[in-house]
**Q** 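This is the structure, below, for whatever I ask next.
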Amino acid sequence: MNFYLTNAQNVQELEFLLSQPELTKRERIDILYTLSRELTYVNNLKSLEYAEEALHLATEIQDIDGIAYSYRILSSIYAINDNYFMSMEYIHKALDIFEKRNDEEGIANCYISLGHIYRGLNNRSQEINFHKKSFEIFNRLERTERIGVSAHNLGESYYNNKEFTKAENLTRFAIRINDSILNLPVLSSCYKVIGLIKEHEKQIDSANYYFNKVLQISDELGDNAQKVATVEALMHLAKIAETNKNYNLQYQYLEQTEAFCEKFNLNRSLLRVYHELQKFYLDKNNTEKALYYLNAYNELSNAIHRIQLEDRNRLTESMASIHQLNTTTEALEKENAAQASTIFYRNISLCITALFLIGLFVVMRKLRRINKELIAQNKTINHQKNELQELNATKNKFFSIVAHDLRSPLTSLKSFSSVLVDHIDLLSKEEILSMGKKLDISVDNTLKMADNLIVWAKSQMNVIEDKKELIHLKQVVNDVVLIFKEIAGNKEVRLVTSIMGSPKFMGDKDQVEFIIRNLINNAIKFTPRKGIVSVSVTQTSKHIKIVVADTGVGMSSEFRDNLFSIQKSKGILGTEGEKGSGLGLVLSSEFVKRNDGEIQVESLEEKGTTITVTLTREKNVA
């Protein structure tokens, strides 16, 4: 591709060029790709917009190189967002195109992307392997700018692998090249690597010098600065100041890093800054400030998880759009082929005589049969597509629970434990006892959630085996109620039971216990003090009904309709702040089906909820 510019400092000039109406579509593709590449680590979502537009234009005019380079940049964007599966898919699409066209430069650029992907996966041997391949190809092609970039990548990979001599030699080589062509963003990253090496070698003055060089370039570039290099330089300067016991300077660097991260929305880096500021104030016995940054850390951590879900939704929408673009292109090709085939047969039919009418009739019958088969195949494909979309939505919900509902309490646990371990001497006995109680509650809730996640995952993978046996339901219900008697009593909720006769049926005892346990637990959770939760079991000759009713807060019809959907389920707090993910009810519904039963919900807001499980009795059960 004929790139207009290669340095990130010229992003504004590129955007100005993009606004010119006289540009051809091929020229727009070149500029869009270059902008997307330069903004990948600066503005991820903006980079995605440019990459999508480049791919659409390239597909429209069948610019094969443009399509391949758009795939490559999309791979980098997905890798940054930890979606390595999609990242690998797109980079191999790009690599296939370049290999078929014997395009060495395109292949080398794909190797750079593969090196970064394996860096994210912490696979050092593959990271070094691909960065070395790209460096060798660009040296052979004598592409100065790309030599500078690939030399820096390989040098940093050697640093990551603790091969410091190789890392320094390559990075100094990269500095000479990037300095000569004024590629300032890459140059600042090179200075960062040298600073890290010198810090490792205890050459503190030298490390300070290179980290400050990074800051000088960052000030010069402004909004187009290499953000990761700048943050790393500031954090390590703060660390050096702390080692030298220059606490005022340490605080200045931390404060500067905090302002920089807030300005450019670098939330992951801001978490590190909050953690360091929390430690800083704890060391200074400033408990108020330490708690302020602890709360800021927890709030930001939760916000990051929400943003990650939004970004992943944006990437998912982009992925669907791109797949739709590919599907549309293939459909057009098939349509053109079908039209050509129709014209061919029409011309043939005009030329044939009555002697070939029988043959034509046979051909038409065959075409009708083929058309019916195609219609049937299309129905099958659409059905499979719907199933895949449902599975993908289920997967996304599972990840959201793991990422937010499970990770958030673990983050809080880590913060609490850090304060207890590092500063126990500063806390009173009452504070330690209070924190210990919170830890115990948080661990208990997290374990319950993890158990539910494991059981649900096993059910989705068909790992769970149904063990049918004769279940004495009265004993099972009484055992479960006994467990929840104390819990209900502590909340001043009256838990009553009514069991008709001695109901028995064939089913999986563990699953039935889980269902009853979960329904009673939810009923207590959403029933206020002085309320009532009742559990009743009735039987007929064919069915057994288990009814769990409460006088709690109830639910809206919309919430009730999605109660057993993993895609739309959402944990809400109980009447006294009890937490949950909503996964228990999904599992309960799954286990009811496994035991050939049905589950129904009746509920009115502020009036309470009644959940009925209907199980079929086997003929041989008296």
Side-chain angles (χ1 to χ4, degrees), residues 1 3 29-30 32-34 36-37 39-41 44 47-48 50-60 62-138 140-141 143 146 149-150 153-154 157 311-312 314-330 333 384-385 388 391-392 395-396 399:
M1 299 183 76
F3 301 120
I29 292 167
D30 288 351
L32 285 165
Y33 168 77
T34 309
S36 182
R37 188 188 71 188
L39 290 172
T40 301
Y41 295 94
N44 196 232
S47 173
L48 176 63
Y50 285 135
E52 285 181 322
E53 188 177 349
L55 180 59
H56 277 77
L57 281 176
T59 303
E60 181 181 332
Q62 287 300 296
D63 178 2
I64 304 302
D65 283 340
I67 292 172
Y69 274 102
S70 298
Y71 283 150
R72 185 212 167 207
I73 204 68
L74 284 167
S75 170
S76 298
I77 293 167
Y78 278 102
I80 290 170
N81 287 274
D82 297 332
N83 192 335
Y84 293 105
F85 179 83
M86 291 305 303
S87 179
M88 279 292 191
E89 180 178 343
Y90 279 120
I91 198 59
H92 281 291
K93 280 186 176 182
L95 191 58
D96 287 343
I97 293 173
F98 289 129
E99 287 177 344
K100 288 176 183 177
R101 297 168 68 83
N102 198 27
D103 184 340
E104 285 193 290
E105 182 175 347
I107 292 170
N109 280 320
C110 287
Y111 286 159
I112 286 178
S113 296
L114 282 164
H116 288 324
I117 291 170
Y118 282 110
R119 178 177 294 176
L121 294 170
N122 209 29
N123 187 330
R124 299 303 179 207
S125 62
Q126 287 289 65
E127 174 189 348
I128 291 172
N129 175 46
F130 282 108
H131 281 312
K132 184 184 291 184
K133 285 182 176 181
S134 69
F135 179 65
E136 291 169 352
I137 293 175
F138 284 125
R140 187 168 64 252
L141 297 176
R143 283 294 308 277
R146 303 308 288 164
V149 171
S150 57
N153 289 333
L154 183 55
S157 295
D311 287 349
R312 285 172 181 166
R314 175 69 182 89
L315 289 170
T316 301
E317 291 172 2
S318 168
M319 181 177 65
S321 173
I322 292 166
H323 279 297
Q324 183 62 40
L325 180 64
N326 293 336
T327 302
T328 302
T329 303
E330 293 171 1
E333 292 174 354
Q384 292 173 340
K385 178 184 176 182
L388 285 172
L391 286 172
N392 191 51
K395 176 204 69 178
N396 288 340
F399 285 161

**Q** Check step by step if side chain to side chain contact (heavy atoms under 4.5 Å, CB included) holds for Glu60 and Leu57.
**A** CA-CA 5 Å; Glu60 181 181 332; Leu57 281 176; 4.1 Å; yes
**Q** Quick check for you: to the nearest 0.5 Å, what is the distance between Glu127 atom CD and Leu121 atom CG?
**A** 10.0 Å
**Q** Treating Ser75 as the side-chain partner and Tyr71 as the backbone partner, does any N or O pair qualify as donor plus acceptor under 3.5 Å?
**A**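 No; judged by distance alone, with no hydrogens or angles, the pair does not exist.
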**Q** Do the non-hydrogen side-chain atoms of Ile77 and Ser36 ever get within less than 4.5 Å of each other?
**A** yes
**Q** Under a 4.5 Å cut-off applied to non-hydrogen side-chain atoms, are Ile107 and Asp103 in contact?
**A**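 No, side chains not in contact.
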**Q** If you define the side chain from C-beta out and look only at heavy atoms, does anything of Ile67 sit under 4.5 Å from Lys93?
**A**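 Answer no - side chains too far apart.
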**Q** Would Arg101 and Asp65 satisfy side chain to side chain contact (heavy atoms under 4.5 Å, CB included), going step by step from the backbone distance to the final call?
**A** CA-CA 9 Å; Arg101 297 168 68 83; Asp65 283 340; 3.1 Å; yes
**Q** Side chains of Arg119 and Asn153: is there a donor and an acceptor less than 3.5 Å apart?
**A**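 There is no such pair (donor and acceptor under 3.5 Å, judged by atom type) between the side chains of Arg119 and Asn153.
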**Q** Can you give me the closest heavy-atom contact between Ala54 and Tyr33, atom names plus distance?
**A**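 Nearest heavy atoms, Ala54 then Tyr33: CB-N, 4.4 Å.
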**Q** Measuring only between side-chain heavy atoms, which start at C-beta, is Tyr69 closer than 4.5 Å to Ile29?
**A** no
**Q** State, to 0.1 Å, how close Ala68 and Phe98 come at their nearest heavy-atom pair, and which atoms those are.
**A** CB-CZ, 3.5 Å
**Q** May I have the step-by-step check of side chain to side chain contact (heavy atoms under 4.5 Å, CB included) for Leu95 and Arg72, ending in yes or no?
**A** CA-CA 8 Å; Leu95 191 58; Arg72 185 212 167 207; over 6 Å; no
**Q** Roughly how far, to the nearest 0.5 Å, is the CG atom of Leu32 from the CG atom of Leu55?
**A** 11.0 Å
**Q** State the OG-CZ distance between Ser150 and Phe135, to the nearest 0.5 angstrom.
**A**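 Reported value, rounded in 0.5 Å steps: 6.0 Å.
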**Q** Give, for atom CD of Gln126 and atom OH of Tyr118, the distance between the pair rounded to the nearest 0.5 Å.
**A**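 Gln126 atom CD to Tyr118 atom OH measures 5.0 Å (nearest 0.5 Å).
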**Q** Run the salt-bridge test on Lys133 and Glu136 with the 4.0 Å N-O cut-off and return the result as yes or no.
**A** no
**Q** Grab the two heavy atoms, one from Ser134 and one from Ala108, that are nearest each other, plus how far apart they are.
**A** CB-O, 3.3 Å
**Q** Just verifying a value: how many Å separate Ile73 CD1 and Ser70 OG, rounded to the nearest 0.5 Å?
**A**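 So the gap between those two atoms works out to 9.0 Å.
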**Q** Report yes if the side chains of Phe138 and Glu105 come closer than 4.5 Å at any heavy-atom pair, otherwise no.
**A** yes
**Q** Given side chains that start at C-beta, do those of Arg146 and Ile112 come closer than 4.5 Å, heavy atoms only?
**A**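 Touching, per the 4.5 Å side-chain cut-off.
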**Q** Measuring only between side-chain heavy atoms, which start at C-beta, is Leu114 closer than 4.5 Å to Ile91?
**A**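 Yes, their side chains come closer than 4.5 Å.
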**Q** Classify the ring geometry between Phe130 and Tyr111 as parallel (under 30°), tilted (30 to 60°) or perpendicular (over 60°).
**A** tilted
**Q** As an exercise, state the distance from OG of Ser113 to CE of Met88, rounded to the nearest 0.5 Å.
**A** 10.5 Å
